[in-house]
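Written below as structure tokens is the structure these notes are about.
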Amino acid sequence: MTVKISRVYDSYTSADAAARALEAAGVPHDDISILASNADGWYDAEHAKDKNTVDPRHDKDRDGKDDRVEGAAAGGGIGAVAGGAIGALTGLGLIAIPGVGPVVAAGWLAATVAGAVTGGAAGGIVGALAETGVSKENAPLYTEALRRGGAVVTARVADADRAKYESVLANNAIDFTTREAAYREGGWKGYAPDAVPYDRDTVARERELYRR
């Protein structure tokens, strides 16, 4: 039987390292997915692997950038990066999530989250995460971590190997026992679609609070 496991990290860099570690430990590339905040602007069209060879069908304004990515960054839907590749995963895109802000998605989870967010599914991002293995209790926390600049790694693994791969994911992951308490002490009460997304400066300050 296949199960889904997930952990949250304070940045894409840490999440990417976890995804690479999973793959090195034996999880197939196609069974790993990442959602990462782009509030600090770490990802843009310049990261596309072949930025000078964007398919003309997706570059109507001839600016060398995939129009789907630009459209998503401006606030709507998912934009797939033609030929793009960053770190461990391919098939990257930008999703604008209400109350969270711009999120970079890669892997099998991307379409699920994009569909839930743009299709108006009940629960939106929280519901999408809950449907992909994150507990209902943790889904709002995962969403808030994304809003604050974090990243989620989710993998499909054999139930018999679950403990092995959860151990791999645990390295540098957020400890939600303490993080939830910190969020609530700061006034957080749960996912709010109308919450103000973080920007580069607020993400930097947030990460500094938990720097080890």
Side-chain angles (χ1 to χ4, degrees), residues 6-23 29-30 32-55 58-59 61 63-118 124-125 128-129 132 142-155 172-174 195-208 210:
S6 301
R7 292 300 293 267
V8 183
Y9 305 83
D10 279 318
S11 68
Y12 170 78
T13 301
S14 295
D16 181 55
R20 290 174 182 272
L22 279 177
E23 193 167 1
H29 181 86
D30 291 343
I32 304 170
S33 188
I34 294 179
L35 297 177
S37 168
N38 197 43
D40 57 355
W42 67 269
Y43 174 76
D44 60 38
E46 294 302 312
H47 287 88
K49 184 178 181 181
D50 298 312
K51 63 176 184 273
N52 293 322
T53 57
V54 175
D55 188 328
H58 305 305
D59 184 22
D61 56 2
D63 64 354
K65 299 179 182 180
D66 192 303
D67 296 335
R68 296 169 298 173
V69 175
E70 294 179 302
I78 181 170
V81 180
I86 300 177
L89 301 179
T90 57
L92 291 155
L94 282 167
I95 306 172
I97 301 178
V100 175
V103 170
V104 178
W108 61 270
L109 182 57
T112 299
V113 173
V117 172
T118 62
I125 179 63
L129 288 171
T132 54
Y142 276 40
T143 302
E144 183 63 11
L146 279 172
R147 173 175 172 258
R148 298 181 184 222
V152 177
V153 175
T154 301
N172 293 321
I174 289 174
V196 178
Y198 276 39
D199 59 19
R200 188 186 304 272
D201 292 337
T202 49
V203 165
R205 289 196 293 270
E206 178 74 11
R207 288 176 180 160
E208 191 62 34
Y210 308 110

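Heavy atoms only: backbone and side chains are in, while hydrogens, waters and symmetry mates are out.
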Item checked: Listed partners of Arg7 passing salt bridge (Lys or Arg N to Asp or Glu O under 4.0 Å), at least two apart -> none
Next item on the list: List the steps, then state whether side chain to side chain contact (heavy atoms under 4.5 Å, CB included) holds for Asn38 with Tyr12.
Entry: CA-CA 9 Å; Asn38 197 43; Tyr12 170 78; over 6 Å; no
Next item on the list: Under the side chain to side chain contact (heavy atoms under 4.5 Å, CB included) rule, collect the residues that match up with Ala18, sequence neighbours excluded.
Entry: Tyr9, Val153, Leu169
Next item on the list: Check whether any side-chain N or O of Arg207 sits under 3.5 Å from a backbone N or O of Ser11 as a donor-acceptor pair, and report yes or no.
Entry: no
Next item on the list: Please name the pair of heavy atoms, one in Arg147 and one in Gly99, separated by the smallest distance, quoted to 0.1 Å.
Entry: CD-O, 3.1 Å
Next item on the list: Sequence neighbours left out, what passes side-chain hydrogen bond (donor to acceptor under 3.5 Å, both in side chains) with Arg200? Give chain and number order.
Entry: none
Item checked: Under the side chain to side chain contact (heavy atoms under 4.5 Å, CB included) test, residues paired with Asp30 that sit two or more places apart -> none
Check: Between Ile34 and Ala15, what is the shortest heavy-atom contact and its length?
Finding: CD1-O, 4.0 Å
Notebook entry, point to check: How would you list, by chain and number, every residue that makes a salt bridge (Lys or Arg N to Asp or Glu O under 4.0 Å) with Glu206, sequence neighbours excluded?
Noted result: Arg148
Margin query: Is any side-chain heavy atom of Trp108 closer than 4.5 Å to one of Thr154?
Written below: yes
Check: In chain order, what residues pass the side-chain hydrogen bond (donor to acceptor under 3.5 Å, both in side chains) check against Asp10, with sequence neighbours excluded?
Finding: Arg179
Margin query: Run the salt bridge (Lys or Arg N to Asp or Glu O under 4.0 Å) test against Arg205 and tell me which residues pass, sequence neighbours left out.
Written below: none
Next item on the list: For residues Tyr210 and Ile174, determine if any side-chain heavy atom of one lies less than 4.5 Å from a side-chain heavy atom of the other.
Entry: no
Notebook entry, point to check: Hey, what do you get for CD1 (Ile95) to CG (Leu146), rounding to the nearest 0.5 Å?
Noted result: 10.0 Å
Item checked: side chain to side chain contact (heavy atoms under 4.5 Å, CB included) between Val103 and Ile125, worked out -> CA-CA 11 Å; Val103 170; Ile125 179 63; over 6 Å; no
Check: Residues two or more places apart in sequence or in another chain: which of them pass side chain to side chain contact (heavy atoms under 4.5 Å, CB included) with Ala204?
Finding: none
Notebook entry, point to check: Does Thr13 have any side-chain hydrogen bond (donor to acceptor under 3.5 Å, both in side chains) partners at least two apart in sequence or in another chain, and if so, which?
Noted result: none
Next item on the list: Quick one: list whatever passes ring-ring contact (aromatic ring centres under 6.0 Å, His included) with Tyr142, sequence neighbours left out.
Entry: Phe176
Check: Taking all atoms of both residues into account, what is the closest heavy-atom pair of Ser33 and Gly107, and its distance?
Finding: OG-C, 3.7 Å
Next item on the list: Name all residues meeting the side-chain hydrogen bond (donor to acceptor under 3.5 Å, both in side chains) criterion together with Thr143; count only those two or more places apart in sequence or in a different chain, and write none if there are none.
Entry: none
Note to self: For Ala19 versus Ile32, what's the shortest heavy-atom pair and its separation?
What the structure shows: O-CD1, 3.7 Å
